[in-house]
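Not measured: the values here are computed from a predicted model.
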Amino acid sequence: MKKSKKSQKGVTSNDKNKGMGKEKEREKKSSSLESGSYNYKMFSFFNRKFKINEVEPPSDVNKAFSLFTDEGSTHMTAEQLRRFMSVHQCEVSTRLEDAQNIIEQVVNRRHHITKFARHTLNVEDFFHFLLSDDLNGPIRTQVHHDMSAPLSHYFIYTGHNSYLTGNQLSSDCSEVPIIKALQNGVRVIELDLWPSKDEILVLHGRTLTTPVSFIQCLTSIKEYAFVSSPYPVIITLEDHLTPELQAKAADMITQTFETMLYYPESDLTEFPSPESLKYRIMISTKPPKEYLEVRSKDASEDESSPKDDSDAVSRNLLCYSNSSSESDQEDEDFKSLQAGVSGYKRLITIHAGKPKGSLKTALKEVTDQVRRLSLSEHQLEKLAGSHGLDIVRFTQRNILRVYPKGTRFTSSNYKPTIGWMHGAQMVAFNMQGYGKSLWLMHGMFRANGGCGYVIKPDSLTRSADKLFDPKATLLPVQKTLKVKIYMGDGWRLDFKHTHFDAYSPPDFYTKIFIVGVPADEAKKKTKIIEDDWCPVWDEEFSFPLTVPELALLRIEVREYDISEKDDFGGQTCLPVPELRTGFRSVPLHDKKGVKHKNVRLLMRFEFV
């Protein structure tokens, strides 16, 4: 039977009692044990009534409850819950006070009983606790990585063209996507600077994008830089400014950020650590050529074009040099300008630039100063085929930024894992888009408390003879991840009852992926559960992993449709090294990565 589809709009399920307030209605519906029914119209003549099945604890949950309570007991005490958390969930640091706090929250939510009125959980309360992602989520929510290593030892949450609201050709430029990115934990913001008479504008050059002022972007960065993370924000500048405007940009940066701005007294031989740079902002761009370099050339060289035609700074300095000899006053003006350009250069902490020779030579070049190199996704793929280990060695001390190819006009993204496999710290993404590649990016940076910095595996930072070779194929299995998916709930609370199907409840199934090095990638799929808002799958899958440190677990729920494309029911992506073992509540998100209010899965994770 063909199913009539509704628009992809998340709305609340039917309000059966309009006299009841919205909050009271939501509270009434929130219990996963609530039963009821939905009516579906057939051909505008007949009503089909479907009962909402009562969600019961899976047998494994009942067994765990019995195992950690006294024989014949129907309630779990705080001490028994603490022991369950420590032994079954491997949360060995759980204190008795933590268990008591969990009981108080669960009892208050389910029974609206005041504090200390009850000190135990029955099996339904216990099940409710396991399904609460704020109390029993799949990953840790605190920063727990070593944050004292150099910046080059971390993957850093990086944006590309951070000011764009949509596509790369005609969308508006605004501070709003910058603010959203910072609120979501992004730590690297990219701004393209272009001159407009005496003003500095941010826009995607040579396109129809409408500009936003540079100072507006700086002000927004200052205000929102540390709302989600205390660790440093890096502003990468693609600079198309004249020397005069570079001097002006330097003043704007220093006056806006004041003491928040970090820049070293001399070129860095090693990057500082995120811990040492808390609540600081850094600039990364290509240093401008200095006046003395240009003036040292003879007249014939001055009259010729610069070797690098793309170097707008050099061209303007040459022109100014020719005219500045006309008077002492002009010479004084130029000295002042040169000082301004030098001030701009002084603010650059992470020096960027294209290599003078080939990319292969640049990767092998050994210098005292650390630097940043940028490659397009296509350049990285091509270079990785023959010089994978050289890329990994380069990223041990230096920073590699990878950016989307220029033909991604719709602000789509590429698969980020090739960058991470080679140690690239800044895998730059269009954060304003959405899609499976962006879901992977979200998943990676849910790690380490979502602070925007994820420490690299030791295999990417240790001595040369023990480095990870991205091209290696015969790698031993390090561990196996066992994933059991019990059931799902919450769709009936977040969606209208005809959202998925106009004539019956949805038919949900789940797809589970491992994304990482090629040897580890895998895909599994559950059976389809028909006509059920609370599907129970109770299926287990195993995933052998050769490089678990770089693996992501991607989960996607779909609603089966025999005649049309299957509907989207939610997704999430989780970093495998961060998974907490035992029973876990896994919240699902929409296509743009926004978390649903109630939709979640009950799963179990185990490493063997």
Subject >> Derivation of the salt bridge (Lys or Arg N to Asp or Glu O under 4.0 Å) call for Asp251 and Lys248 >> reply: CA-CA 5 Å; Asp251 290 339; Lys248 185 175 182 178; over 6 Å; no

Original post:
Any side-chain heavy atom of Leu373 sitting closer than 4.5 Å to one from Asn398?
Top reply: no

Subject >> Student check: side-chain heavy atoms of Leu193 and His240 closer than 4.5 Å >> reply: no

**OP:** Give the minimum heavy-atom separation between Lys415 and Ser437, together with the two atoms involved.
**Re:** N-OG, 3.8 Å

Subject >> Glu91 and Arg584 ion-paired at < 4.0 Å >> reply: yes

**OP:** Would you confirm whether Ser228, through its side chain, and Leu182, through its main-chain N or O, come within 3.5 Å as a donor-acceptor pair?
**Re:** yes

Original post:
Stepwise, does the side chain to side chain contact (heavy atoms under 4.5 Å, CB included) test hold for Met431 with Leu438?
Top reply: CA-CA 7 Å; Met431 297 297 172; Leu438 190 55; 3.9 Å; yes

Original post:
Would you find a donor on one side and an acceptor on the other, under 3.5 Å apart, between the side chain of Asn448 and the backbone of Cys451?
Top reply: no

Subject >> His378, NE2: over 12 other non-hydrogen atoms inside 6.0 angstrom >> reply: no

Subject >> From Arg580 atom CZ to Thr141 atom OG1, the distance as rounded to the nearest 0.5 Å >> reply: 7.0 Å

**OP:** Calculate, to the nearest 0.5 Å, the distance between atoms CG and SG belonging to Leu553 and Cys573 respectively.
**Re:** 7.5 Å

Original post:
Is the backbone N or O of Gln396 less than 3.5 Å from a side-chain atom of Ser152, with the two atoms forming a donor-acceptor pair by type?
Top reply: yes

Original post:
Any side-chain heavy atom of Tyr434 sitting closer than 4.5 Å to one from Asp590?
Top reply: no

Original post:
Can you list the steps and then say if Asp134 with Gln105 is a side chain to side chain donor-acceptor pair (under 3.5 Å)?
Top reply: CA-CA 11 Å; Asp134 60 329; Gln105 291 189 62; over 6 Å; no

Original post:
Of His589, His442, Arg554, which is the lone residue that meets side-chain contact (heavy atoms from CB on, under 4.5 Å) with Thr572?
Top reply: His589

**OP:** May I ask you to check whether over 12 heavy atoms, not counting those of Lys222, lie within 6.0 Å of atom NZ?
**Re:** yes

Subject >> For the student: nearest non-hydrogen atoms of Ala247 and Val341, plus distance >> reply: CB-N, 4.4 Å

Original post:
Any donor-acceptor pair under 3.5 Å linking the side chain of Gln425 with the backbone of Phe155?
Top reply: no

Original post:
Under a 4.5 Å cut-off applied to non-hydrogen side-chain atoms, are Asp458 and Glu549 in contact?
Top reply: no

**OP:** Run through Trp439, Tyr453, Tyr157, Phe429 and flag the one making a ring pair (Phe, Tyr, Trp, His ring centres under 6.0 Å) with Phe445.
**Re:** Tyr157

Original post:
Are Arg401 and Glu190 close enough for a salt bridge, meaning some N to O gap below 4.0 Å?
Top reply: yes

Original post:
Does the pair Asp239 and Lys286 meet the rule for a side chain to side chain contact (heavy atoms under 4.5 Å, CB included), with working shown?
Top reply: CA-CA 8 Å; Asp239 174 8; Lys286 182 179 179 181; over 6 Å; no

Original post:
Salt-bridged, Arg95 to Asp98, with N to O below 4.0 Å?
Top reply: yes

Original post:
With sequence neighbours left out, what residues match Arg346 under side chain to side chain donor-acceptor pair (under 3.5 Å)?
Top reply: Tyr263

**OP:** With rounding to the nearest 0.5 Å, note down the distance linking OG in Ser171 to CG in Leu203.
**Re:** 10.5 Å

Original post:
What's the shortest heavy-atom distance between Pro575 and Gly443, and which atoms?
Top reply: CD-O, 3.2 Å

Subject >> CA sep, side-chain torsions, deciding dist, call: Tyr344, Thr285, side chain to side chain contact (heavy atoms under 4.5 Å, CB included) >> reply: CA-CA 10 Å; Tyr344 178 78; Thr285 189; 4.0 Å; yes

**OP:** Might you point out which heavy atoms bring Pro177 and Tyr163 nearest each other, and give the distance in Å?
**Re:** CG-O, 3.4 Å

Original post:
Could you state the interatomic distance from OG1 (Thr256) to CD1 (Ile221), rounded to the nearest 0.5 Å?
Top reply: 9.5 Å

Original post:
Any sub-3.5 Å donor-acceptor pair from Gln432's side-chain atoms to Gly166's backbone N or O?
Top reply: yes

**OP:** Kindly state each residue pair satisfying salt bridge (Lys or Arg N to Asp or Glu O under 4.0 Å) with at least one member in residues 266-275, sequence neighbours excluded.
**Re:** Glu275-Lys278

Original post:
Given side chains that start at C-beta, do those of Leu191 and Phe214 come closer than 4.5 Å, heavy atoms only?
Top reply: yes

Original post:
What's the spacing between Leu164 CG and Asp192 CG if we round to 0.5 Å?
Top reply: 8.0 Å

Original post:
Does Ser229 use its side chain to pair, donor to acceptor, with the backbone of Phe226 at less than 3.5 Å?
Top reply: no

**OP:** Would you check if the side chain of Ser284 reaches a backbone N or O of Thr236 as a donor-acceptor pair within less than 3.5 Å?
**Re:** no

**OP:** Could you tell me whether the side chains of Thr269 and Asp368 share a donor-acceptor contact shorter than 3.5 Å?
**Re:** no

Original post:
Would you say the side chain of His145 lies within less than 4.5 Å of the side chain of Glu578, judging by non-hydrogen atoms?
Top reply: yes

Original post:
Between Asp494 and Lys597, which heavy-atom pair has the shortest distance, and what is it?
Top reply: OD2-N, 3.4 Å

Original post:
Just by distance, do the side chain of Asp520 and the backbone of Val547 share a donor-acceptor pair under 3.5 Å?
Top reply: yes

Original post:
Does Asn413 reach the main-chain N or O of Asn430 with its side chain, forming a donor-acceptor pair under 3.5 Å?
Top reply: yes

Subject >> Derivation and outcome, side chain to side chain contact (heavy atoms under 4.5 Å, CB included), residues Phe394 and Arg371 >> reply: CA-CA 10 Å; Phe394 178 85; Arg371 62 197 191 278; 3.5 Å; yes

**OP:** Please tell me if the side chains of Val402 and His422 come closer than 4.5 Å, counting only heavy atoms from C-beta onward.
**Re:** no

Original post:
Val202 and Cys217: which non-hydrogen atoms are nearest, and at how many Å?
Top reply: CG2-SG, 4.0 Å

Original post:
Is it true that a side-chain atom of Ser376 and a backbone atom of Lys405 form a donor plus acceptor pair closer than 3.5 Å?
Top reply: no

Original post:
What is the distance from atom CZ of Arg372 to atom CG of Leu151, rounded to the nearest 0.5 Å?
Top reply: 12.5 Å

Original post:
How about Ile253 and Ile235: do any of their side-chain heavy atoms sit closer than 4.5 Å?
Top reply: no

